[in-house]
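Here is the structure we will look at, set down as structure tokens.
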Amino acid sequence: MTTVDEAWRQLTVWAREPVLEQLRQAARGEPVVPSLHHWRTGMDPAAPAALPFLIALVREPDLPNREQLLGFLVLLVDVGRQEAAERRAPGWTAAWREHRTTLEPLLADPDPQVRNTAVHLAERARPLLARIPAETEPWLRVRQLQRLGAVADPANDAARALLTDTLHGADGPDAAAHRLAALWGLTALDAAEPERWADQWVAAVLDPAAPAAVERLWDRPDDDYRAELGQEVASIAWSLPPRLTAHLSVRLARAARDADRPELCAAALEAAWHPLLDLPSTGPLWPATAGELLSSPDPRIRHWAAAFLAVLGRAAAPYADALHARLADTDGDEFLDGTTADQARWALARIGDPRVLPDLVRQLTAVERENGRGFVRGDPRRPEPYDALLPLHEHAAVLRPQVAEWAREGESHAWPWNHPGARLLAAWDGAADGPAPPPDLEAAVRGLLRTPPVRLVHESPAPYLRGTWAVTALSRRGPLSPEVRAAVAHVLALDRRLSWLGDYRTVLDDERLRDTLHRALRGEAVTMPPLSHLDESDAELGC
């Protein structure tokens with residue numbers, strides 16, 4: 001810490017004033033967490049300069065607040081792995097690359113809790129390969145095997161050999177958990193070839209010994225809440241690449257149905273939900289399986305299956321009759337908003353099935369007549385009426401009287417002139433006020449050339465939305481230039497959504513934006529399409 005003042009003077013960006021003193025307090029062992037990250041604005045620009053001091057502190061075995069600082073360092077590194085970190089804290093990437101290896105000795109720390117944290121911070125295979133054979137805690141070996149697959153290069157023969165030997169050679173009471181962990185690592189190692197280990201992974205999950213082994217070894221021995229196999233399967237969306245998660249989940253959902261393991265079938269559907277929202281390529285994996293699961297005796301599975309078909313839209317058309325049969329299904333998942341019937345009705349509306357049109361608006365607007373409706377933003381839920389009805393302009397003749405009545409009611413809205421029903425009618429008529437195009441159209445179009453792999457925390461939505469606005473403005477001036485056409489073709493080829501909202505609306509907006517860009521490429525003069533309903537928290541998260 002003797003060089004901290006000099007390092008702070010060399011900062012070329014603003015840093016919050018209290019940070020320096022907080023680092024000094026942490027070095028004295030006081031229970032202080034430095035203010036280097038905010039949930040809304042992301043990483044503080046002071047973080048790159050603070051990183052070596054934080055690392056030096058957590059390597060001190062006798063520091064009273066060591067565990068607290070380690071937990072904070074894990075959070076900071078997680079934020080640093082996001083796309084926006086370098087923009088908000090220039091120099092973070094270089095600082096982390098320079099200092100991350102100094103944390104690797106913590107993998108052999110005498111304290112198992114420190115070793116556990118070090119597993120999460122490890123980003124190279126070599127120290128894990130050295131540590132795993134010597135690890136004495138079976139629950140820690142589970143985490144090390146999983147992490148090894150995530151950080152190793154697919155061409156790393158030593159990593160592949162260790163994982164394969166564990167898969168085929170594990171024995172004793174911990175064998176089921178270690179086999180499953182090794183397969184977790186092998187599937188991550190071969191994420192580009194999702195079929196390579198899929199059958200063995202499914203077999204390991206369905207192993208009758210797996211639930212007890214996971215409960216015993218998947219968490220730290222002192223955890224108050226024991227792990228459950230279904231919960232661990234549902235969480236693979238956060239630990240494995242999303243495309244791989246989708247392939248494994250669809251395979252597991254079928255196998256678990258055939259094996260009469262409804263808890264694992266529901267967990268597979270939950271795991272696949274966010275990859276379905278994030279990656280357009282995962283959609284074609286699901287129509288047949290979701291359609292078959294609509295008739296499951298388990299209400300959770302029926303609810304998830306109907307939600308999948310609602311998001312899939314017109315791809316669910318072959319299952320319209322099965323969806324119609326679920327309109328009286330008032331069951332659902334107790335942790336999700338609405339019923340299976342609600343999701344089935346919305347799925348039929350997305351298809352454009354005329355059987356649900358006569359009373360559709362009244363059914364959809366039921367959410368506005370409820371008090372205390374609760375939902376988790378990213379989970380399946382009943383759509384906002386505006387979102388569900390916006391694409392149905394082809395059926396405006398049937399729906400317009402219902403929408404007009406809804407707009408006149410204005411039951412829960414303080415500003416009737418901005419009622420979603422009134423905005424919907426304006427959007428159908430093409431009279432809605434669109435956004436002003438960005439001032440520098442060519443620069444905005446170049447924003448379409450960004451290629452992040454998936455939606456990430458604190459990622460700015462501006463490049464995709466502004467780029468589309470710019471393309472629509474340019475399309476009305478005449479033929480698109482070769483450079484603009486190349487940028488549009490590039491973004492349309494990306495396997496990711498062009499929206500940032502992170503729930504069902506990201507699929508709806510992605511469909512509209514892609515359709516607009518496709519028509520612009522065909523030489524049409526297009527306008528910016530109306531997008532989904534927003535609320536204040538959306539505006540905060542997207543700023």
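A salt bridge is defined here as a Lys NZ or Arg NE, NH1 or NH2 lying under 4.0 Å from an Asp or Glu carboxylate O, and R66 with D109 meets this definition. Between R216 and D174 there is a salt bridge, with a side-chain nitrogen of the basic residue lying less than 4.0 Å from a carboxylate oxygen of the acidic one. For E135 and R141, the salt-bridge test fails: no basic side-chain N is under 4.0 Å from an acidic carboxylate O. Between R160 and D157 there is no salt bridge, since none of the side-chain N atoms of the basic residue sits less than 4.0 Å from a carboxylate O of the acidic one. Using a cutoff of 4.0 Å between basic side-chain nitrogens and carboxylate oxygens, D207 and R179 are scored as salt-bridged.
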- Query: Could you go step by step and tell me if R97 and E123 meet the side chain to side chain contact (heavy atoms under 4.5 Å, CB included) rule?
  - Reply: CA-CA 10 Å; R97 188 180 297 116; E123 292 189 348; over 6 Å; no
| message | Q200 vs L167, test: side chain to side chain contact (heavy atoms under 4.5 Å, CB included). Steps then yes/no. | response | CA-CA 10 Å; Q200 291 187 61; L167 172 63; 3.4 Å; yes
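Aromatic ring centroids of W238 and W273 lie 6.0 Å or more apart.
A distance of 9.0 Å separates CZ of R496 from CG of D510, quoted to the nearest 0.5 Å.
Residue E67 qualifies as open at atom CD: its count of foreign heavy atoms under 6.0 Å is 12 or below. Other residues, nucleotides and ligands contribute only 12 or fewer heavy atoms inside 6.0 Å of the CZ atom of R126.
The two residues Y386 and L531 come nearest to each other via the heavy atoms CE2-O, 3.5 Å.
Taking the six-membered ring for Trp and thresholds of 30 and 60 degrees, W346 and Y504 have ring planes more than 60 degrees apart, a perpendicular arrangement.
Between the H490 side chain and the L449 main chain, a donor and an acceptor come within less than 3.5 Å of each other.
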